[in-house]
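Note sheet for the following structure.
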2 protein chains.
Amino acid sequence: MSRGQTPTTTSYATLGLLAVQPWSTYELTNQIRRSLARFWPRAASKLYEEPRKLVALGYATAETQHQGRRRRTVYAITPEGRRALAAWLATTGAPPALESEQLLRVFLADQGTRQDLLDTLAATRAWARERAVVDAAIAREHLGGGPFPQRLAVNTLVGRYLSDMSEATERWADWASEIVRDWPDDLSELPVDTDALQMIADRDPAGR
Amino acid sequence: MSRGQTPTTTSYATLGLLAVQPWSTYELTNQIRRSLARFWPRAASKLYEEPRKLVALGYATAETQHQGRRRRTVYAITPEGRRALAAWLATTGAPPALESEQLLRVFLADQGTRQDLLDTLAATRAWARERAVVDAAIAREHLGGGPFPQRLAVNTLVGRYLSDMSEATERWADWASEIVRDWPDDLSELPVDTDALQMIADRDPAGR
DNA sequence: GGTGACATACTCCCATGGGGAGTACTCCCC
DNA sequence: GGGGAGTACTCCCCATGGGAGTATGTCACC
């Protein structure tokens with residue numbers, strides 16, 4: 001590496017957007033917030049630092065433009081940047097990780113009330129539905145022809161994953177709510193859903 | 001708050017485990033790694049600090065035991081801790097967040113080769129399968145009667161979610177691989193899967 | 001009874017990242 | 001010509017990630 005920092009995954013995420021077209025940092029953060037953030041959430045303040053790192057690495061060039069007395073910096077990918085991106089794409093990377101405060105609340109639900117749990121499940125469901133509506137709107141936009149047709153095929157793969165996730169979340173929340181509704185108020189002795197456990201066990205047919 | 005730090009979500013996660021029974025910090029980190037880490041991943045070094053914070057807040061007590069010349073600290077929840085936990089469970093918390101380096105690679109796949117993408121999809125699928133096997137083993141253990149029967153019902157709810165997620169991931173990886181297999185080597189002009197887009201759009205029936 | 005290997009039981013520290021506050025200009029509408 | 005939304009950033013504190021390091025106890029096996 002040309003000196004100093006080594007590129008992080010976020011660096012390559014930024015580089016990948018620059019591979020599509022040059023962007024100003026502000027546009028870059030917006031692009032990230034509207035698409036990438038769903039599976040690679042990062043703080044906006046840090047995103048502003050990434051393009052500078054890319055320039056230091058020789059992966060991008062910076063061009064300062066002026067509108068009146070306000071300056072903006074537009075970044076573009078270099079051939080070396082494209083090579084680095086291609087090399088990174090050939091590596092595999094960390095598997096998906098889930099982070100859910102709401103699921104944590106479900107996990108500890110026996111220390112609270114039944115209503116608390118139902119509320120949490122309702123919030124999860126509402127979130128999943130909201131995602132579905134947003135994803136549907138984006139899909140409809142693409143069906144009508146979007147801004148980057150050459151990116152539509154991969155976008156569809158990713159969109160399908162996100163849609164599958166939120167759909168599974170919605171279904172799960174409905175299933176769980178139905179079960180919890182039948183629970184007694186005292187959560188210290190609850191009926192066990194043997195069928196659900198058996199279903200999970202059956203996902204490994206080889207398991208003894 | 002009794003002074004100093006305010007409890008974080010990780011504090012309540014720790015408190016929730018202490019609500020089940022007293023644990024030493026070492027046991028606590030192991031419990032977290034084997035269950036909680038799936039939906040609330042945190043660095044082990046930080047988990048060692050949490051119980052101390054709980055003591056400072058009056059939510060837990062620490063008892064130092066000795067085995068020979070080695071000391072261990074066992075933490076137990078206080079009534080005040082139980083009240084705080086119950087109050088926290090009545091709040092809703094942040095929705096699920098996904099973090100996937102692999103999905104990021106799919107998103108940027110048009111800058112790499114078709115084989116890179118197939119490799120990434122294979123890695124995702126392998127991870128999902130591995131999860132299914134682990135979850136199945138845990139479910140089978142529970143079906144045979146586990147250590148905390150009073151926790152089994154909520155554990156089943158959470159387990160079902162994790163299982164649904166990994167199952168959806170596995171299916172998606174299979175679906176995506178099949179599509180990508182038919183793509184040409186040149187990824188700059190790819191066929192668009194209109195059916196998939198339509199499916200995503202249809203998840204919002206109200207959408208115009 | 002000696003000696004690994006593995007489990008238990010932590011502490012410390014640096015760099016990274018999260019997240020919010022703050023600044024200022026530009027464009028457009030009313 | 002005044003206000004508000006959008007553009008274009010910078011700065012900084014603190015929490016967290018993640019790895020290195022230290023030491024003791026237990027058990028199997030030769």
Side-chain angles (χ1 to χ4, degrees), chain A residues 1 4-14 17 22-34 36-37 39-57 60 62-75 93-95 97-99 101 104, chain B residues 1 4-14 17 22-34 36-37 39-57 60 62-75 93-95 97-99 101 104:
Chain A
M1 305 300 132
Q5 54 261 356
T6 37
T8 61
T9 300
T10 307
S11 309
Y12 289 108
T14 311
L17 289 181
W23 306 92
S24 76
T25 328
Y26 181 75
E27 290 167 327
L28 223 34
T29 54
N30 278 340
Q31 285 300 314
I32 289 174
R33 192 166 37 79
R34 291 192 301 136
L36 251 153
F39 46 89
W40 196 251
R42 286 302 175 263
S45 62
K46 293 296 139 182
L47 299 177
Y48 264 87
E49 292 168 18
E50 285 304 334
R52 277 196 283 264
K53 273 169 69 174
L54 295 177
V55 172
L57 288 159
E63 192 204 345
T64 309
Q65 299 179 345
H66 284 275
Q67 284 163 312
R69 47 176 26 224
R70 187 165 60 178
R71 147 187 74 93
R72 70 185 216 133
T73 314
V74 175
Y75 293 89
L98 173 73
E99 195 159 306
E101 234 180 280
L104 175 60
Chain B
M1 304 299 134
Q5 54 260 358
T6 38
T8 62
T9 300
T10 306
S11 309
Y12 289 108
T14 311
L17 289 180
W23 306 93
S24 76
T25 328
Y26 181 74
E27 291 167 327
L28 223 33
T29 54
N30 278 340
Q31 286 300 314
I32 288 174
R33 190 167 38 79
R34 292 192 300 137
L36 252 154
F39 46 88
W40 195 252
R42 284 301 175 265
S45 62
K46 294 297 136 185
L47 299 178
Y48 264 87
E49 293 168 17
E50 285 304 335
R52 277 194 284 264
K53 273 170 67 175
L54 295 178
V55 172
L57 288 159
E63 191 204 348
T64 309
Q65 300 179 344
H66 284 276
Q67 285 162 314
R69 50 180 21 228
R70 188 165 61 179
R71 147 185 74 94
R72 71 185 216 134
T73 314
V74 175
Y75 293 89
L98 173 72
E99 194 159 307
E101 235 180 279
L104 176 61

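A, B, ... follow the sequence lines: proteins, then strands. Residue 1 opens every chain. Note that these values count all heavy atoms, side chains included, but never hydrogens, waters or copies made by symmetry.
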(message) I want to confirm an ordering. Mapping A:T73 and B:T8 to their closest nucleotides on DNA chain D, which one lands closer to the 5' end?
(response) A:T73
(request) Report the residue (A:R70 or A:R52) whose heavy-atom-nearest nucleotide on DNA chain D is the more 5′ of the two. (result) A:R70
(message) Measure CZ/B:R72 against P/D:dG25 and give the value in whole Å, please.
(response) 13 Å
(request) Would you mind telling me which residue lines up with the more 5' stretch of DNA chain C, A:K46 or B:S24, judged by nearest nucleotide? (result) B:S24
(request) For residues B:E101 and A:G93, report the shortest heavy-atom separation together with the two atoms involved. (result) OE2-CA, 3.5 Å
(request) Any chance you could lay out the side chain to side chain contact (heavy atoms under 4.5 Å, CB included) test for B:R72 and B:Q67, step after step, and finish with the verdict? (result) CA-CA 8 Å; B:R72 71 185 216 134; B:Q67 285 162 314; 3.8 Å; yes
(request) Look at all strands and tell whether B:P51 reaches a base, only sugar-phosphate, or nothing, counting heavy atoms closer than 4.0 Å. (result) nothing
(request) For DNA chain C, note the earliest and the latest nucleotide, 5' to 3', having some atom under 4.0 Å of a heavy atom belonging to chain A. (result) C:dG17 to C:dT26
(message) If only side-chain N and O atoms count, and only distance matters, is there a donor-acceptor pair under 3.5 Å linking A:T8 with A:S11?
(response) yes
(message) Reading DNA chain C from 5' onward, which residue's closest nucleotide shows up sooner: B:Y26 or B:E99?
(response) B:Y26
(request) For the pair A:R52 and A:E49, find out whether any cationic side-chain nitrogen is under 4.0 Å from an anionic carboxylate oxygen. (result) no
(message) Counting only Watson-Crick pairs (N1-N3 plus N6-O4 or O6-N4) and G-U wobbles (N1-O2, O6-N3), all under 3.5 Å, who is the partner of C:dC13?
(response) D:dG18
(request) Write down the atom of B:F39, the atom of A:L104, and the distance for their closest heavy-atom approach. (result) CE1-CA, 3.6 Å
(request) Identify the heavy atoms of B:P51 and B:T25 that sit nearest to each other, and give their distance. (result) CG-CG2, 4.0 Å
